[in-house]
Amino acid sequence: MTASLSQQGQPKNRKPFPLHIVVFLAPAVVIYGLFMIYPLFDSLRLGFFVQVTRGVEQFVGTQNYLTLLTDEAILQPRLLNALKNSFLFFAVNMLVQNPIALFLAAALSTKTRGGLLYRVLIFSPAILSLAIAGFVWRLVLSPLWGVVYDILKALGLGAYAQPWLGLESTALITLALISAWQYLGIPMMLYFATLISIPNELFEAAYVDGATDWQIFWRIKLPLLMPMVGIVSLLTYIGNFNAFDVIFALKGADAGPNYASDTMMTFFYRTFFGSGFQKADPHMGAAVAGTMFVILLAGVLLYLLIRRRIRSYEL
Amino acid sequence: MPDGYQAVSYPDMQNLFTLGGSAVYPAGSWEISIFNQLVGDDFAIGAFPPPVPEEGADCFINDHMDMGMAMNADTQHPEEAQLFLEWLGSAEFAELWNNALPGFFAMSNHVVEASDPMVQVYAGWRQHCGSSPRNAYAIISRGEPNTDSELIRVTQLVMNGEMTPEEAGETVQAGLASWYEPQMGE
């Protein structure tokens, strides 16, 4: 109330409407709106319709979502399985890729001989096509000609050699680790960039005070890294909850064996586009996509809540 | 089956056989030209039909009807199309086709002298074995669950010993009956 009152009290010499702002914003707003916002809302809309006959849609409210959540014969078990697998895929990446990336970044941010070479080598898989990385890993892990088996046998650990990509119990974790390996360079570079931006004076002062390298890492570097840890976690969540390419490249759309590597994206792909002889059902597919959207949104909101609790330091 | 068969892919399997790493390879006649090329003169290959449950039982050969030809009812040239279709059913076409694409057979009953001995072996089974259809192509796979994918899934479970063939058959039938009208309520 007070704000509006004081505004009314101001003299009426209002500036003309800032047309140039609209002009400058227009290209981005139009392109982003046309290719991001409109498809997003249209796909959400699609989930509330069914196809009656060719080209004729009918509004059915939340029926698709209810079917998806309650069809105990097929859709509900597939959805729950895909949800579980998506979270597991994310968890493996979060718990393996993130700490290793942080460790490598911390190691490389100190003066290391050949540090640049290591950074290039660790980052290089991330620019490889996944089709190639997936093919290489399938060869490496192949029970027939895989080098892993020869190494394990040479070490006398042949009994531990398993066809990891083909077992229900290990297929998904193996795929998650391949993905974690391939994109390790990206969080590592983000951590690395943050670490080298920390002023040296802080470390020098800590040395003078008698701190060890270990203490410097835990007391100075890690607290200053926490905002980046949050961002990397969010990127890991968005990138890996949607995991598709590595699974599709190595296991196909049916995400075998017995749907053991089926994630939300492969489930969505089969439903929306159809797979093999299965007919595409864009409406049920859109309902799957809508479910994923809600889950991702919930995760992002959770991040925004947590982020406020992370203390950030001004340097 | 080889060690770690659960993670052996189709191309892996072809290579294992053609490199001499396995003695028996379950396949169809479509592999003939591939194997002729990859094996060459390294070793001789032969073929035997699917085993039967007991001696003297009827044998069946699976026919993959992947290349049916038909005439559009609204065509402007019905006579010409008919003439062409009749030629596709002739002995002349069967001989041309079966020899140009070893392992693929014209869908007519003409007995053709094939130049490839393996093709001759496969064709010979037709003389005394019945024909079984390709079981999940294509209309009965157009729903959810997709019968073709289901067959792949349950076959893997059977091969792993996690499901009996009877259970697998029941699973596929139940899946089909859940959406395919002609199979409902049976």
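Here is how names work: the chains are called A, B, and so on, in the same order as the sequence lines, proteins then strands, and each is numbered from 1.
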Relative to chain A, which segment of Pro145(B) carries a heavy atom at a distance below 4.5 Å: side chain, backbone, both, or neither? both
Counting only heavy atoms closer than 4.5 Å, note whether Asp148(B) contacts chain A via side chain, backbone, both or neither. side chain
With side-chain contact (heavy atoms from CB on, under 4.5 Å) as the criterion, how do Glu144(B) and Gln278(A) come out once you've worked through the C-alpha distance, each side chain's angles and the decisive distance to 0.1 Å? CA-CA 7 Å; Glu144(B) 181 83 53; Gln278(A) 184 185 329; 2.8 Å; yes
Arg78(A) versus chain B, the contacting section by heavy-atom distance below 4.5 Å: side chain
Quick check on the structure: residues of residues 160-179 of chain A within a heavy-atom distance below 4.5 Å of chain B, by number. Pro163(A), Leu165(A), Gly166(A), Leu167(A), Glu168(A)
At a heavy-atom separation under 4.5 Å, does Asn160(B) approach chain A through its side chain, its backbone, both, or neither? neither
Just to be sure I understand the criterion: a residue of residues 235-244 of chain A counts if one of its heavy atoms is under 4.5 Å from a heavy atom of chain B. Which ones qualify? none
Check this for me: Met71(B), atom CE, are more than 12 non-hydrogen atoms of other residues, nucleotides or ligands nearer than 6.0 Å? yes
Residues from residues 125-150 of chain A approaching chain B under 4.5 Å (heavy atoms): Ser142(A), Pro143(A), Leu144(A), Trp145(A)
To the nearest 0.5 Å, what is the distance between OG (Ser9(B)) and NZ (Lys251(A))? 9.5 Å
Report which part of Leu16(B) has an atom under 4.5 Å of a heavy atom belonging to chain A: side chain, backbone, both, or neither. both
Just checking Ile139(B): does its CD1 atom have more than 12 heavy atoms from other residues, nucleotides or ligands closer to it than 6.0 angstrom? no
How about Asp3(B): does its CG atom have over 12 heavy atoms from other parts shown lying under 6.0 Å from it? no
Check each atom of Asn258(A) against the heavy atoms of chain B and say whether the ones under 4.5 Å are side chain, backbone, both or neither. both
Among residues 47-59 of chain B, residues within the sub-4.5 Å heavy-atom range of chain A, in order of number, are none
